[in-house]
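Atoms considered below: every heavy atom in the structure, side chains included; atoms not considered: hydrogens, waters and symmetry mates.
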Amino acid sequence: MDDLKDRCSRILLLAPLFVMSACTQAAFTAANLPTHLVEMAVEHDRIYGPEPSQKLDIYVPADPKDKQLDVIVFFYGGRWTYGAKEDYRFVAATFTQQGFIVVIPDYRKYPQVRFPAFVEDGAKALGWVIDHIAERHGNPARIHVVGHSAGAHIGALLAADSQYLAKEGKDRSLAIHDFAGLAGPYAFTPDE
């Protein structure tokens with residue numbers, strides 16, 4: 001009987017997590033629904049590295065007018081453990097309507113990898129953007145790095161610590177025009 005009570009208690013504790021997970025996906029679906037009315041060109045799953053999760057999506061305004069546009073590289077959050085670039089189409093739609101090219105990379109996550117692999121993936125993605133964004137009317141000298149939560153942590157480290165981009169053969173001071181972080185964890189040392 002105690003074993004049954006223990007199992008029921010565990011199930012009840014897990015139930016809110018399942019509900020929140022479903023609500024989160026419903027929220028992303030609702031947020032992304034209107035974006036299908038936004039005129040923009042979308043290139044999905046561009047490979048920037050050898051790992052399966054090292055892919056990015058590129059969103060370009062419908063009519064770039066043959067000029068180089070500013071670029072936003074957006075790193076999403078998710079506690080370094082979950083999230084997908086596809087969930088953030090609403091971010092891309094918002095900025096493409098303002099004339100930006102938006103790049104949203106996926107990156108490897110915990111427990112598959114540990115810190116600093118997430119940041120190294122960010123540097124690799126940013127290196128790819130620097131090398132290839134001009135082919136899509138983007139200005140490689142005007143790359144704005146933006147991140148939310150764990151993505152803000154990734155972006156902040158790319159902006160603050162030159163070693164990550166240096167490993168990709170890039171100069172941080174030339175690669176990142178500016179950085180904006182939303183609700184990021186900035187003052188901590190990642191550990192177990």
Side-chain angles (χ1 to χ4, degrees), residues 13-14 16-18 20-25 27-28 31 44-59 71-92 95 100-133 138 140 142-192:
L13 288 173
L14 290 175
L17 292 174
F18 292 122
M20 286 185 339
S21 174
C23 289
T24 300
Q25 195 53 52
F28 280 124
H44 293 289
D45 297 326
R46 193 72 174 141
I47 295 169
Y48 71 83
E51 298 297 325
S53 59
Q54 291 176 327
K55 295 178 183 170
L56 49 82
D57 289 348
I58 306 164
Y59 299 83
V71 180
I72 292 176
V73 177
F74 178 78
F75 294 102
Y76 58 83
R79 297 180 61 211
W80 304 278
T81 60
Y82 64 89
K85 60 185 171 42
E86 297 82 12
D87 291 339
Y88 294 88
R89 181 183 171 101
F90 70 95
V91 171
F95 287 114
F100 290 92
I101 292 175
V102 179
V103 178
I104 304 177
D106 268 335
Y107 51 90
R108 293 172 294 164
K109 298 174 185 71
Y110 180 86
Q112 177 197 5
V113 296
R114 294 182 177 269
F115 177 83
F118 332 110
V119 186
E120 292 165 348
D121 283 4
K124 189 175 285 304
L126 195 52
W128 187 95
V129 170
I130 293 162
D131 290 341
H132 298 282
I133 204 63
R142 301 275 304 173
I143 296 174
H144 311 276
V145 175
V146 179
H148 172 252
S149 191
H153 180 257
I154 292 168
L157 283 174
L158 292 175
D161 190 338
S162 63
Q163 73 166 324
Y164 295 107
L165 283 167
K167 287 180 185 175
E168 297 301 318
K170 307 298 178 201
D171 181 337
R172 175 203 56 196
S173 62
L174 299 175
I176 299 174
H177 185 266
D178 50 24
F179 164 72
L182 310 167
Y186 305 111
F188 79 108
T189 303
D191 60 19
E192 200 170 325

Distance check, rounded to the nearest 0.5 Å: [X] atom [atom1] versus [Y] atom [atom2]?
X: W80; Y: H153; atom1: CH2; atom2: NE2; result: 5.5 Å
X: H144; Y: I101; atom1: NE2; atom2: CD1; result: 11.0 Å
X: F115; Y: E120; atom1: CZ; atom2: CD; result: 8.5 Å
X: I154; Y: L126; atom1: CD1; atom2: CG; result: 12.0 Å
X: H44; Y: I58; atom1: NE2; atom2: CD1; result: 10.5 Å

In a table with atom names and distances, give each donor-acceptor pair under 3.5 Å that connects a side chain of residues 161-168 to protein atoms at least two apart or in another chain.
unit_1, atom_1, unit_2, atom_2, d
D161, OD1, Q163, N, 3.1
D161, OD2, Q163, NE2, 3.0

Listed partners of Y107 passing ring-ring contact (aromatic ring centres under 6.0 Å, His included), at least two apart: Y76
H132: partners by ring-ring contact (aromatic ring centres under 6.0 Å, His included), with sequence neighbours left out: W128
Non-hydrogen side-chain atoms of L158 and V119 separated by less than 4.5 Å: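 The answer is yes; the side chains approach within 4.5 Å.
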Close side-chain approach of Y59 to I104, heavy-atom, < 4.5 Å: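 Answer yes - side chains close enough.
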Partner residues of K85 under the salt bridge (Lys or Arg N to Asp or Glu O under 4.0 Å) criterion, sequence neighbours left out: D45, D57
Sequence-distant partners of D131, salt bridge (Lys or Arg N to Asp or Glu O under 4.0 Å), two or more places apart: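 Salt bridge (Lys or Arg N to Asp or Glu O under 4.0 Å) check on D131 returns K170.
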Distance-minimising heavy-atom pair for [X] and [Y]:
X: P185; Y: S149; answer: CD-O, 3.3 Å
X: A152; Y: F179; answer: O-CZ, 3.4 Å
X: I130; Y: A175; answer: CD1-CB, 3.3 Å
X: G138; Y: V71; answer: CA-CG2, 3.9 Å
X: F75; Y: P105; answer: CE2-CG, 3.5 Å
X: D171; Y: S173; answer: OD1-OG, 2.7 Å

R172 (side chain) donor-acceptor with A160 (main chain) under 3.5 angstrom: yes
Those residues that, when tested against T81, pass side chain to side chain donor-acceptor pair (under 3.5 Å) (two or more places apart): none
Any residue meeting side chain to side chain donor-acceptor pair (under 3.5 Å) with R79, in chain and number order, not counting sequence neighbours: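 Listed in chain order: nothing, the list is empty.
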Pairing residues for H148 by the side chain to side chain contact (heavy atoms under 4.5 Å, CB included) criterion, not counting sequence neighbours: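 Partners of H148 under the side chain to side chain contact (heavy atoms under 4.5 Å, CB included) test: F74, L182, A183.
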Parallel, tilted or perpendicular, as decided by the 30° and 60° cut-offs, for the rings of F95 and F100: perpendicular
Just distance, no hydrogens or angles: give the donor-acceptor pairs under 3.5 Å from side chains in residues 46-54, sequence neighbours left out.
unit_1, atom_1, unit_2, atom_2, d
R46, NE, E43, OE2, 3.2
Y48, OH, D106, O, 2.5
Q54, OE1, E51, N, 2.9
Q54, NE2, D121, OD1, 2.8

